[in-house]
Amino acid sequence: MRGVLRVEPLWVETFTGLRMWQFERLLKAVRERGGNGPGGGRPWCLPLADRVLLVAVYYRTNVTMRQLAPLFGVSPATVCRVIQRLRPLLAIEPATRPVDAVERLWIVDGTLIPVRDRRTGASSRNYRFSANVQVIIDADTKLVVAAAWPVPGNTADARAWRDSGLAAICEGVTMLADGAYINTGLVVPHRKRQGRALLPGEEDDNAEHRRVRARVEHAFARMKHFKILRDCRQRGDGLHHAVQAVAHMHNLALAT
């Protein structure tokens, strides 16, 4: 059975949100990371470009593997194998400490992602079984710098940040966060004390802080155009790989 979706500009842009040249950069990254495999054994029934498109469409639309299979003319089992094989290779590049760290402004926040895996999530404040993922973006470029391993959704942001290991790449960088990150060493808004209102200068600081920090919320909104982050059915490390891949494609979509 011949599939409907192929690596052509119309299908790529419609089903992934990426321009053709952006998709080609994603394909190049997967190829360089060994997407074609070591060779030998039974060959894949789809070329690498179509397999990368399959995974990107899966993350963007969050349709089931049974629904995705006829679109590419393969079996649901093949769809599952393709996703399992390629999903780690779509990940965002590991972040390193920037050379111009003192000139950078990064923003961190946690986002709740509904999950089905009871070992990954927990009942959370969004009234769903969710996982908490800490994400850092660059305030100037709005690109995702790094995303931490998911933790249960009832984990406080401050604790999730401390346990994430992301602080190592942020040394020397000014880090903005909201009031949930108090006592973490990050730049947070001024707090009202009982019986003492904020000073005029502190009100102005908080207003500017909110204006800049809103960029991370905008990044979350764009990332959640990939519907895998609205209801992740993947188990085990599937959510982690999905977040990393979506961060990569989000950055490519912002590239000019």
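Just so you know, these numbers use all the heavy atoms, side chains as well, and skip hydrogens, waters and symmetry mates.
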request  = Could you tell me the separation between the NE2 atom of H218 and the CZ atom of R213, rounded to the nearest 0.5 Å?
outcome  = 10.0 Å
ask   = Short question: side chain of D138, backbone of L143 - any donor-acceptor pair under 3.5 Å?
value = no
request  = Treat each ILVMFWY residue as a node, draw an edge where side-chain heavy atoms are under 4.5 Å apart, and state whether V133 and I137 are in one component.
outcome  = yes
message = Once rounded to the nearest 0.5 Å, what's the spacing between atom CE of M249 and atom CG of L90?
response = 5.5 Å
request  = Give a yes or no on whether a salt bridge exists between R33 and E93, defined as a side-chain N under 4.0 angstrom from a carboxylate O.
outcome  = yes
ask   = Minimum heavy-atom separation for V12 to R19, with atom names?
value = CG1-O, 4.4 Å
query = Which pair of non-hydrogen atoms, one from P189 and one from A177, has the smallest distance, and what is that distance?
reply = CD-O, 3.6 Å
task = Have a look at L68 and tell me which of V74, V82, V55, L54 forms a side chain to side chain contact (heavy atoms under 4.5 Å, CB included) with it.
result = L54
ask   = Between CG of L89 and CG of L27, what distance do you get to the nearest 0.5 Å?
value = 11.5 Å
request  = Flag yes if V79 and V52 sit in one hydrophobic cluster, no otherwise; membership is Ile, Leu, Val, Met, Phe, Trp, Tyr, and two members link when side-chain heavy atoms are under 4.5 Å apart.
outcome  = yes
inquiry  = Under a 3.5 Å distance rule, please check whether H209 uses its side chain to pair with a backbone N or O of V187 as donor and acceptor.
reply    = yes
ask   = Can any side-chain N or O of R60 pair as donor or acceptor with the backbone N or O of F15 at less than 3.5 Å?
value = no
ask   = According to a 4.5 Å side-chain heavy-atom criterion applied to Ile, Leu, Val, Met, Phe, Trp and Tyr, with indirect links allowed, do V151 and L186 form part of one hydrophobic cluster?
value = no
message = Restricting to non-hydrogen atoms, name the atom on F220 and the atom on G110 that form the minimum distance, rounded to 0.1 Å.
response = CE1-O, 3.9 Å
task = Start with the C-alpha gap between T14 and E8, add the side-chain angles, then the distance that decides, and say whether side-chain contact (heavy atoms from CB on, under 4.5 Å) holds.
result = CA-CA 10 Å; T14 300; E8 297 176 356; over 6 Å; no
request  = Please step through side-chain contact (heavy atoms from CB on, under 4.5 Å) for the pair Y181 and D109, ending with a clear verdict.
outcome  = CA-CA 9 Å; Y181 292 82; D109 200 4; 3.8 Å; yes
ask   = Side-chain contact, heavy-atom cut-off 4.5 Å: Y58 with M65?
value = yes
Shared hydrophobic cluster, L166 / V188 (ILVMFWY, side-chain heavy atoms < 4.5 Å) = yes
query = Could D100 and R104 be called an ion pair, given the rule that one side-chain N must be under 4.0 Å from one carboxylate O?
reply = yes
query = side-chain contact (heavy atoms from CB on, under 4.5 Å) between D117 and L239: does it pass, once the steps are laid out?
reply = CA-CA 9 Å; D117 188 353; L239 174 59; over 6 Å; no
note = R85 and G34 have their tightest heavy-atom pair at NH2-O, 2.8 Å
query = How many angstroms lie between atom CD1 of I182 and atom CZ of R191, to the nearest 0.5 angstrom?
reply = 3.5 Å
inquiry  = Tell me whether W11 at atom CH2 has more than 12 heavy atoms from other residues, nucleotides or ligands lying less than 6.0 Å away.
reply    = no
query = Could you walk me through whether Q234 and R87 pass the side-chain contact (heavy atoms from CB on, under 4.5 Å) check?
reply = CA-CA 11 Å; Q234 293 280 298; R87 66 186 186 183; 2.5 Å; yes
ask   = Looking at side-chain heavy atoms only, is the closest gap between D204 and E208 below 4.5 Å?
value = no
query = Does L252 offer a backbone N or O that forms a donor-acceptor pair with the side chain of Q22 under 3.5 Å?
reply = yes
Transitive ILVMFWY side-chain link L112 to V243, under 4.5 Å = no
request  = Using a strict 4.0 Å threshold on nitrogen-to-oxygen distance, state whether R210 and D178 make a salt bridge.
outcome  = no
inquiry  = Just so I know, are the side chains of H240 and Q244 near enough to count as touching, which here means a heavy-atom distance under 4.5 Å?
reply    = yes
query = With side chains defined as the heavy atoms from C-beta onward, is the minimum distance between W161 and I136 less than 4.5 Å?
reply = yes
task = State, with a plain yes or no, whether a side-chain heavy atom of T16 is found less than 4.5 Å away from one of Y59.
result = no
query = Is a donor on one side and an acceptor on the other found under 3.5 Å between the side chain of R215 and the backbone of K142?
reply = no
note = To the nearest 0.5 Å, atom NE2 of H250 lies from atom CG of L229 at 11.0 Å
inquiry  = Is the shortest side-chain heavy-atom distance between R118 and F129 below 4.5 Å?
reply    = yes
ask   = Should we say atom CZ of R233 is surrounded by more than 12 heavy atoms from elsewhere, each under 6.0 Å from it?
value = yes
ask   = So, do R162 and N183 sit near enough that their side-chain heavy atoms are less than 4.5 Å apart?
value = yes
remark   = Separation between CZ (R128) and CG (D231), nearest 0.5 Å, reads 5.5 Å
Atom CZ of R230 with >12 non-hydrogen neighbours under 6.0 angstrom = yes
key: Minimum heavy-atom distance between R119 and G236, given as atom pair plus value   = NH2-N, 4.0 Å
query = Can you name the closest pair of heavy atoms from L48 and G35 and give their distance?
reply = CD1-O, 3.8 Å
Heavy-atom side-chain proximity of K224 to T111 below 4.5 angstrom = yes
